[in-house]
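Shown next, in C-alpha cells, is the structure this report addresses.
By convention in this document, chain letters (A, B, ...) are assigned in the order of the sequence lines, proteins followed by strands, and residues within each chain are numbered from 1.
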Amino acid sequence: MRSSVYFYPTLKETPQEAQIVSHRLMLRSGMISQVTAGIYTWLPSGLKVLNKIAQIIRQEQDRAQSLEVLMPTIQPAALWEKSGRYHIYGKEMLRMVDRHEREMLYGPTAEEVITDIFSRFVKSYKDLPKRFYNIQWKFRDEIRPRFGIMRGREFLMKDNYSFDLTVEGAKASYQAMLEAYVRTFARMDLTAIPVRAATGPIGGDLSHEFQILAETGESEIFYDAAYETLDVNTITLERLQTLYAAADELHDPQTCPVPADQLRTARGIEVGHVFYFGTKYSIPLGAYVTGPDGKQVPVEMGSYGIGVSRLVGAIIEAHHDDKGIIWPESVAPFKVGLLNLNIKDKACTEMCEDLYQKLLQAKIETLYDDRDMGIGAKFADMDLIGLPWQIIVGPRSVTTGQCELKNRRTGEKIEISLEDVLKRMCYCG
RNA sequence: CGGGGUGUAGCGCAGCCUGGUAGCGCGCCUGGUUUGGGACCAGGAUGUCGGGGGUUCAAAUCCUCUCACCCCGACCA
C-alpha cells in the first residue's frame, strides 16, 4: 500500500481527551476516531489490526473445536424475560422499542440467543459436546466510558458458549478454552495471567480472568512466578487451581501461599474471562437433552469471552515506547514500512518502486511511504504507527546499493543490500 | 449517578477577570529552495467563539438555561 493512497491521519500533538498511552497512540496514529462517548470509527489501519486479532482468535477457537456463528446485535426483550435477566440487567442495557411497540435491546452479550438456538436443535446427548462462538459488536451503556476503545460502550467481543452433558465434560471444555487462550495471547506477544476470579453464586470456583501484564494496567495483580513460563503444554485445570494469582482486592499477604521470592506483582488489563456456570441458563431457557437413560437433563454450560477491540489497546499498552507503537508482527497493520527519503530523486524513487513491487510479489505487507514530505516527518510517522520493520532507501542507496533495515522494537539498524533485505523479509517472522 | 473540569480554525492553545476590528503555534493550499530524524523563504485560505435566551449602543468576554465532551469515584470484556 502506498502512503499517498492510504489513509492514516497522524497527529503530531496529542488530543487532550486522551489520557492513557494506547488511546493517545491510537488517535495519533490515525487508527480510530471518536464519534461520541465510548463509540468509535475504526479507520483503515485500526481496522486492519482489529481484523488480524480477530483472525488469530478465530483460528484458535476453531482449533479448539468450536463453531463460529453470527448472532443478531438487536435482540428481543422476550428472550431475556425468559432467562430472567431482562429486569436484572440495569441501565447498561440499551433498550429500544420497534415500530410495533415491541421491546428490543442491543445485545450486551449473547447467552440467551445462543442457548435458544441450542435448545431448538440439539435434543440428544449424542450431539454433545458443542461449542459455539461469535465475534461481534456488543453494546453496554457504561456509566463512564474511558480509555479510548479499552472501555468503550460499543466493543467487539468474542464469546464462546460450551454445552456439555456432564460437569466433567464442561470442565474439558473449560480446559480447552484455557489452552486456546494461552495460545491466542501468546501469538500476540502478550503475557497473560489467568487470575482466579470471583463468580456468582452458581459459578463455583471455575472462573478465570486473563490479565495482560502492562505497566499501565488498571488493576494490580499478584501471582506466582511460575505463570511466566506457562504454556499450552503445561497448562491444565488442575495445575491452574494450584497456582496462585489474585487481583489487588483479593490478595492477602497473610494467607498468600506463594513464598515471597516466588511472588510477582504487576499491573494487569483484563482481556478475557472464562467461566463455567452449569445450568444457570439451560434450565430457564429449556436447553435440555435426552440422556442415555432416556431422561431429560439440562446441559452444562460455560462461557468464554475475549475483548477483541480491547486487545488492540492492551497490545499497545504492552508494546510501545516514547516514539509510538511497536506492533508484534502477528497483528501489525503492515509488516514493513518502506521509506523513500527523496521522492524527487529519480534514481532513488525507481529503486523504491522496484523494491516495492518485489515486496508485493513476495506477499509481504508493505506500506510504501511515497509521499513528498520532510524525512523527519516520515521517520516520525513510521515510528509512530509502529510497523515492525523499516526499510530506508535514500539517494545514498543509489550509489551504494545498500539500504537501511531498522527493527522498530530494538532500534537496531543495519546496512544491507536490496537483494538481501528482500530475502530477509521473506524469511523472518 | 455523585464530585471536578473543558468547549474559540483540522489539532494544541491564548484572549474572558476589566465588554469595543478574533489571535498564536502546528497542520492545510500556491510558488520556490531543500532532502539520512517532525526543513526554509514568500504568499494564501479557514471560525454560526458548543447552542438558545437575556443585559448592553456594543457580548468570545457579563447573566441565564441547555447540550456535548473529559477527569476522579461506584460498575464493567
Below 3.5 Å is the cut-off: list the nitrogen or oxygen pairs between protein and nucleotides 36-43 of chain B, distance only.
residue : atom : partner  : partner atom : Å
B:G36   : O6   : A:Ser397 : OG           : 3.4
B:G36   : N2   : A:Glu404 : OE1          : 2.8
B:G36   : N2   : A:Glu404 : OE2          : 2.9
B:G37   : O6   : A:Lys406 : NZ           : 3.2
B:G37   : N1   : A:Asp383 : OD2          : 3.1
B:G37   : N2   : A:Asp383 : OD2          : 2.4
B:G38   : O4'  : A:Gly376 : O            : 3.3
B:G38   : O4'  : A:Ala377 : N            : 3.4
B:G38   : O2'  : A:Lys12  : NZ           : 2.9
B:G38   : O6   : A:Arg28  : NH2          : 3.0
B:G38   : N2   : A:Asp381 : OD1          : 3.4

Side chain to side chain donor-acceptor pair (under 3.5 Å) with [X]: which residues, sequence neighbours excluded?
{"X": "A:Asp369", "value": "A:Arg371"}
{"X": "A:Thr349", "value": "A:Asn340"}
{"X": "A:Lys406", "value": "A:Asp383"}
{"X": "A:Ser66", "value": "A:Asn160"}

Counting only Watson-Crick pairs (N1-N3 plus N6-O4 or O6-N4) and G-U wobbles (N1-O2, O6-N3), all under 3.5 Å, who is the partner of [N]?
{"N": "B:G10", "value": "B:C26"}
{"N": "B:G2", "value": "B:C72"}
{"N": "B:C57", "value": "B:G20"}

Counting only heavy atoms and a strict 4.0 angstrom limit, can you tell me which residues of residues 14-21 of chain A come near RNA chain B? A:Thr14, A:Pro15, A:Gln16, A:Glu17, A:Gln19
Please give, in whole Å, the distance from B:C76 P to A:Arg140 CZ? 10 Å
Restricting to salt bridge (Lys or Arg N to Asp or Glu O under 4.0 Å), what partner residues turn up for [X], sequence neighbours left out?
{"X": "A:Lys358", "value": "A:Asp354"}
{"X": "A:Asp372", "value": "A:Lys344"}
{"X": "A:Asp321", "value": "A:Arg408"}

What are the atom names and distances for every N/O pair under 3.5 Å that joins the protein to nucleotides 22-24 of chain B?
none

Between the side chains of A:Glu112 and A:Arg85, is the shortest nitrogen-to-carboxylate-oxygen separation below 4.0 Å, so that they form an ion pair? yes
Between A:Lys423 and A:Asp420, does at least one N-O distance fall below 4.0 Å, as a salt bridge requires? yes
Candidates B:A77, B:G25, B:U34 - which lies nearest the side chain of A:Glu13: B:G25
Which listed nucleotide (B:A74, B:C76, B:U35) is nearest to the side chain of A:Arg310? B:C76
Residue pairs involving residues 10-29 of chain A (criterion salt bridge (charged side-chain N to carboxylate O under 4.0 Å, His left out); sequence neighbours excluded): none
Residue pairs passing the salt bridge (charged side-chain N to carboxylate O under 4.0 Å, His left out) test with at least one member in residues 61-76 of chain A, sequence neighbours excluded, are A:Arg58-A:Glu68, A:Glu60-A:Arg63
B:G10 to B:U48 separation - P atoms, rounded to the nearest Å: 7 Å
Could you give the distance separating B:G3 and B:A9 at their P atoms, to the nearest angstrom? 30 Å
